[in-house]
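Working notes for the structure below.
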Amino acid sequence: MWHRLVSNKLLRRSSGTGCFVADFPATEEFIKVTSSNPPASSNTSSTTQESTINYNLFVSTWNVGGMPPSDELNLEDWLETRGNSYDIYVLGFQEIIPLSAKNVLCAEKNRIASKWNSLIRTALNKPIVNLQGNGDPSLGEKQKIYPDKVGGSSKGSITQDFQCLLSKQMVGIHISVWVRSDLLCHIRHSSVSCIGCGVMGFLGNKGAVSVRFCLHETSFCFVCSHLASGGKEGDEMHRNSDAMEIFSRTSFPSGPCLDLPQKILDHDRILLLGDLNYRISLSDEETRSLVEQKEWNILLENDQLKMEVYKGRVFEGWQEGAITFSPTYKYYPNSDEYYRHGQGRKGEKRRSPAWCDRILWHGKGFKQNRYDRCESRLSDHRPVRAIFTVEVEV
């Protein structure tokens, strides 16, 4: 068994586009559209010839540095489950397990991914206590919430109902997509594609897990990536190469008698999130000084991702929101202090602060409302999140 698994990875054999975790069967009979009525939390527009609905989309990426989550880890602040209304959550992780040779070569162990999904489910579906004992009708309609019949509290509570649409792991990369349960009947053609770009150019310690589905008449593709690491001059070219490999090799099934998009850029709405690993092309001393002074503009002028895009070497046509937050890497775990060369073990690499963790989008139909970071100290990265209003044709 072990030899066959290693052979499959070395020969780039796919695990199959239907090999993912979900809360409901991925069959067309189950998820075919049964109603054209828009959900209560969405805004319908008829200004164009075709009717459209605006959905609220929460996207976040987090390199957790191989740190397993504890049972007590509270994700409510990260996911903003109190007082906010989102229709879809797209959550991307990198290094959910340590990137050891054993983990890279052997079959994926989904215990940690399942633990993350369990914590996400708990946070998204946690009852909200209503202290007045009577619900706010506008809030109830906006968040698509239901009476909580468990416990019989006299104060009353309301429960959001999110289900896992797709969850897929490749070594340390993990993507988990959650939607309001009343949207499931409008979703079709969900599938995944895993591309390894790591050791020997194709193992899964680096690469991307991409997911696609159709919501009403609009196709979505979300690409969770972990690109080549390294802080030496020229390492950005390896990251560019990884990105191009992901775009070139990622493919989804067109479906029997269907004309579904197969490549990433064929989709209507495309988002890429992950630890892209682009650094700041300044000396370590100058970078740290500018970070302390919060001179983001000067630092961003030397941000490798922005420089490579400007030179036309990668991500042509992609967009990113304005960065107004501190670099997200590299921290000492459980600390707000950036890592400093010489304070760790002998032989450790120099790792200057950088905006490694990014969220990009391609094409029309997106309005980004916010782009920020979250202050969890679990790993040496800070999570980055973006809030979008996304237009969907019906």
Side-chain angles (χ1 to χ4, degrees), residues 1-2 5 8-9 14-27 30-31 58-79 81 86 88-100 102-127 159-181 184 187 190-194 196 203-205 207-213 222-226 273-275 374 376 378-379 381 383 385:
M1 170 65 81
W2 186 87
L5 290 167
N8 287 344
K9 293 194 176 192
S14 172
S15 59
T17 58
C19 185
F20 56 83
V21 176
D23 279 342
F24 64 96
T27 63
F30 183 89
I31 57 180
F58 181 105
V59 181
S60 187
T61 178
W62 192 1
N63 185 322
V64 295
M67 301 293 292
S70 68
D71 293 334
E72 295 75 30
L73 183 63
N74 190 325
L75 302 182
E76 292 177 33
D77 289 339
W78 173 42
L79 300 178
T81 58
Y86 303 114
I88 303 170
Y89 282 84
V90 179
L91 308 174
F93 298 86
Q94 302 80 42
E95 298 188 41
I96 63 166
I97 57 174
L99 300 183
S100 64
K102 179 180 178 182
N103 286 336
V104 171
L105 289 172
C106 293
E108 274 78 35
K109 296 179 180 179
N110 61 10
R111 181 178 62 86
I112 298 297
S114 297
K115 181 70 172 293
W116 278 108
N117 280 343
S118 177
L119 291 168
I120 293 166
R121 184 188 306 279
T122 298
L124 293 183
N125 294 310
K126 184 175 182 178
T159 304
Q160 302 182 84
D161 187 12
F162 282 88
Q163 294 195 43
C164 182
L165 174 66
L166 289 158
S167 176
K168 179 63 177 178
Q169 176 186 357
M170 179 184 72
V171 189
I173 303 172
H174 175 221
I175 187 168
S176 192
V177 181
W178 297 74
V179 301
R180 289 202 338 263
S181 61
L184 292 178
I187 294 175
S190 52
S191 61
V192 302
S193 179
C194 299
L203 291 184
N205 55 308
V209 178
S210 302
V211 302
R212 80 97 186 272
F213 59 87
F222 297 100
V223 184
C224 180
S225 304
H226 194 185
L273 59 150
D275 179 0
C374 187
S376 172
L378 178 68
S379 77
H381 289 250
R385 57 193 178 186

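All residue numbers in this chain count up from 1 along the given sequence.
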Task: Rounded distance [0.5 Å steps], OG in Ser176 versus CZ in Phe93 - done: 7.0 Å
- [ ] Verify side chain to side chain contact (heavy atoms under 4.5 Å, CB included) between Leu75 and Trp116, making sure each step is shown before the conclusion.
- [x] CA-CA 10 Å; Leu75 302 182; Trp116 278 108; 4.1 Å; yes
Open item on the list: Show the nearest heavy-atom pair for residues Gly204 and Ile173, with the distance to one decimal.
Closed with: O-CD1, 4.4 Å
Open item on the list: Run the side chain to side chain contact (heavy atoms under 4.5 Å, CB included) test on His226 and Asn63 for me, step by step, so that the C-alpha distance in whole Å, both residues' side-chain angles and the decisive distance to 0.1 Å come before the verdict.
Closed with: CA-CA 9 Å; His226 194 185; Asn63 185 322; 3.8 Å; yes
- [ ] Over all heavy atoms of both residues, which pair between His174 and Ser167 is shortest? Give the atoms and the distance, please.
- [x] NE2-OG, 2.9 Å
Task: Sidechain-backbone polar pair: Asn205 side chain, Val104 backbone, donor-acceptor under 3.5 Å - done: no
Task: Nearest heavy-atom neighbours spanning Pro69 and Lys115 - done: O-NZ, 3.1 Å
Open item on the list: I need the minimum non-hydrogen distance between Trp78 and Ser60, along with the two atoms involved.
Closed with: NE1-OG, 2.7 Å
TODO: Quick one: pull up CD1 in Ile97 and CE in Met67 and give me the separation to the nearest 0.5 Å.
DONE: 14.5 Å
TODO: Can you see which heavy atom on Leu73 is nearest to which on Leu119, and at what distance?
DONE: O-CD2, 3.8 Å
TODO: Find the distance between CG (Leu165) and CH2 (Trp178) and round it off to the nearest 0.5 Å.
DONE: 10.5 Å
Task: Heavy-atom pair of closest approach, residues Arg385 and Asp77 - done: NH1-O, 3.0 Å
Task: Rounded distance (nearest 0.5 Å) linking atom CE of Met170 with atom OG of Ser210 - done: 9.0 Å
Task: Main-chain N/O of Ser118 paired to Thr122 side chain as donor or acceptor, under 3.5 Å - done: yes
- [ ] Give, for atom CG of Leu91 and atom CH2 of Trp62, the distance between the pair rounded to the nearest 0.5 Å.
- [x] 10.5 Å
- [ ] Using side chain to side chain contact (heavy atoms under 4.5 Å, CB included) as the criterion, point out the one residue from Ile175, Leu166, Val211, Val179 that pairs with Val90.
- [x] Ile175
TODO: Find the distance between CG (Asn110) and CD1 (Ile96) and round it off to the nearest 0.5 Å.
DONE: 9.0 Å
- [ ] Show your reasoning for whether side chain to side chain contact (heavy atoms under 4.5 Å, CB included) applies to His381 and Asp275.
- [x] CA-CA 9 Å; His381 289 250; Asp275 179 0; 3.3 Å; yes
